Amino acid sequence: MEEEIVARREKGGFWVGLAAAVFYPLTGIARRVYAGNEKVPRQGPALLVLNHISHLDPIVDAVFVHRQKRVPRFLGKESLTRTPVFGKVFVGSGQIPVSRGSAAAGDSLKAAHQALQEGKIVVIYPEGTITKDPAGWPKESFTGAARLALQNDVPVIPIARWGTSELFNGYTKKFKPFPRKTITHKVGDPIDLSAYREGSARSASKLREVTKVMMDDVTRLLGEIRHEEPPSAKPGDPA
């Protein structure tokens, strides 16, 4: 009986079904390689922390999470809610708009907290936008993910993804489906943050340190995908 419950797909409703109907064929233009995907919880809350290299990332990451029988909740720019068609999908599927640089910015974290408390999967890119590093390594990150991780006792899972920038480069705006690309997701073990949960979770130094711990894990996984040694700079240092 327990195995049957774990294997059951989380229900997402009409808008999630519509997004899946559109996103699955889109991501089918590339080969998919999943490593360690069994580490994504099949039920209960979790915070997934990923690098960000292309504007295609949310689409391929949404399909990745959905293939694990979960419905992802992303933090995305508030402007996405005003785009034709996609804005309705974004709002209807329960995604979380972020109003950067405004008094409402904190509301997005409140919504993410609520989602975690309701047992949902929340996906976050601590870098906030696609990396500006020419080689595609993670750069400075914001501390919102650390706030979520410390204020919610849920699994915090690092994931590296590589290949989307070869398919679509967000800076050159070049889309190159041929030759067929490979997009790889590699999932790490949940990060043990128990040592950081004591005392104030809002300490600026603690938030910076936790951000670095998370992004160092993501960067290490990315190096394993690429079969390269990550740069010696501190990729997880928060902005």
Side-chain angles (χ1 to χ4, degrees), residues 27 30-40 46-65 68 72 74-75 121-150 154-172 174 176 179 181-196 204-239:
T27 59
R31 301 183 192 90
R32 292 180 299 271
V33 175
Y34 296 162
N37 51 305
E38 71 281 355
K39 298 174 185 177
V40 177
L47 180 65
L48 309 186
V49 181
L50 292 91
N51 61 316
H52 200 4
I53 54 176
S54 169
H55 296 302
L56 291 180
D57 292 344
I59 294 176
V60 300
D61 295 342
V63 170
F64 168 77
V65 175
Q68 314 317 311
F74 286 82
L75 280 80
I121 289 264
V122 172
V123 181
I124 191 166
Y125 304 121
E127 295 165 272
T129 187
I130 60 175
T131 180
K132 294 180 174 61
D133 180 66
W137 295 103
K139 299 296 286 183
E140 294 82 8
S141 299
F142 296 94
T143 58
R147 291 178 186 273
L148 287 174
L150 292 181
V154 303
V156 178
I157 301 174
I159 303 176
R161 175 241 314 100
W162 187 245
T164 47
S165 59
E166 297 178 6
L167 187 60
F168 179 71
N169 187 304
Y171 291 105
T172 64
K174 291 183 178 179
K176 296 181 177 179
K181 307 300 189 294
T182 298
I183 297 174
T184 302
H185 286 80
K186 185 162 189 176
V187 185
D189 293 324
I191 303 172
D192 182 5
L193 296 177
S194 56
Y196 299 95
S205 60
K206 182 183 290 187
L207 291 172
R208 287 194 296 269
E209 188 173 354
V210 170
T211 300
K212 184 178 186 307
V213 168
M214 294 190 297
M215 291 308 293
D216 279 356
D217 264 19
V218 172
T219 303
R220 175 182 54 79
L221 291 167
L222 181 58
E224 292 174 5
I225 294 174
R226 296 172 58 170
H227 304 290
E228 298 177 34
E229 188 68 26
S232 57
K234 301 177 180 178
D237 280 354

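Note that this is a predicted model, so its numbers are computed, not measured.
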- Note on the structure: When rounded to the nearest 0.5 Å, the distance separating NZ of Lys212 from CD of Glu140 is 12.5 Å

- Does the side-chain contact (heavy atoms from CB on, under 4.5 Å) test come out yes or no for Lys181 and Phe168, once each step is laid out? CA-CA 10 Å; Lys181 307 300 189 294; Phe168 179 71; over 6 Å; no

- Item | Distance (rounded to the nearest 0.5 Å) between Asn169 CG and Ile130 CD1 | 7.0 Å

- Report the distance from atom CD1 of Ile121 to atom CD1 of Ile157, rounding to the nearest 0.5 Å. 6.5 Å

- Task: Please report the C-alpha distance between Val187 and Leu48 in whole Å, then the side-chain angles of each, then the deciding distance to 0.1 Å, and finally whether the side-chain contact (heavy atoms from CB on, under 4.5 Å) criterion is met.
- Result: CA-CA 9 Å; Val187 185; Leu48 309 186; over 6 Å; no

- Task: Taking the side chain as every heavy atom from C-beta outward, state whether Leu148 and Ile124 have any atom pair closer than 4.5 Å.
- Result: yes

- Message: For Asp57 and Leu50: C-alpha separation, side-chain torsions, deciding distance, then whether side-chain contact (heavy atoms from CB on, under 4.5 Å) applies.
- Response: CA-CA 9 Å; Asp57 292 344; Leu50 292 91; over 6 Å; no

- Item | Heavy-atom closest contact (Met214 atom, Ala149 atom, distance) | SD-CB, 4.3 Å

- Residue pair Pro138 / Leu222, side-chain heavy-atom distance below 4.5 Å: yes

- Message: I'd like to check the ring pair (Phe, Tyr, Trp, His ring centres under 6.0 Å) partners of Phe64; sequence neighbours left out, ordered by chain and number.
- Response: Tyr34, His185

- Query: Under a 4.5 Å cut-off applied to non-hydrogen side-chain atoms, are Glu166 and Ser54 in contact?
  - Reply: no

- Are any side-chain N or O atoms of Tyr171 and backbone N or O atoms of Pro134, one a donor and one an acceptor, separated by less than 3.5 Å? no

- Message: So, taking the atom named NZ in Lys174 and the one named OG in Ser165, what distance separates them when rounded to the nearest 0.5 Å?
- Response: 13.5 Å

- Query: So, does Arg161 use its side chain to make a donor-acceptor pair with the main chain of Asn51 at under 3.5 Å?
  - Reply: yes

- Query: Looking at residues at least two apart in the chain, or sitting in another chain, which of them share a side-chain contact (heavy atoms from CB on, under 4.5 Å) with Thr131?
  - Reply: Ile53, Glu127, Asp133, Lys139

- Message: What I'd like to find out is whether the side chain of Pro72 reaches to under 4.5 Å of the side chain of Asp61, using heavy atoms alone.
- Response: no

- Under a 4.5 Å cut-off applied to non-hydrogen side-chain atoms, are Val122 and Leu75 in contact? yes

- Query: Do you know the tightest heavy-atom contact between Met215 and Pro126?
  - Reply: SD-CG, 3.6 Å

- Are the side chains of Thr164 and Ile59 in touch, meaning some heavy atoms are under 4.5 Å apart? no

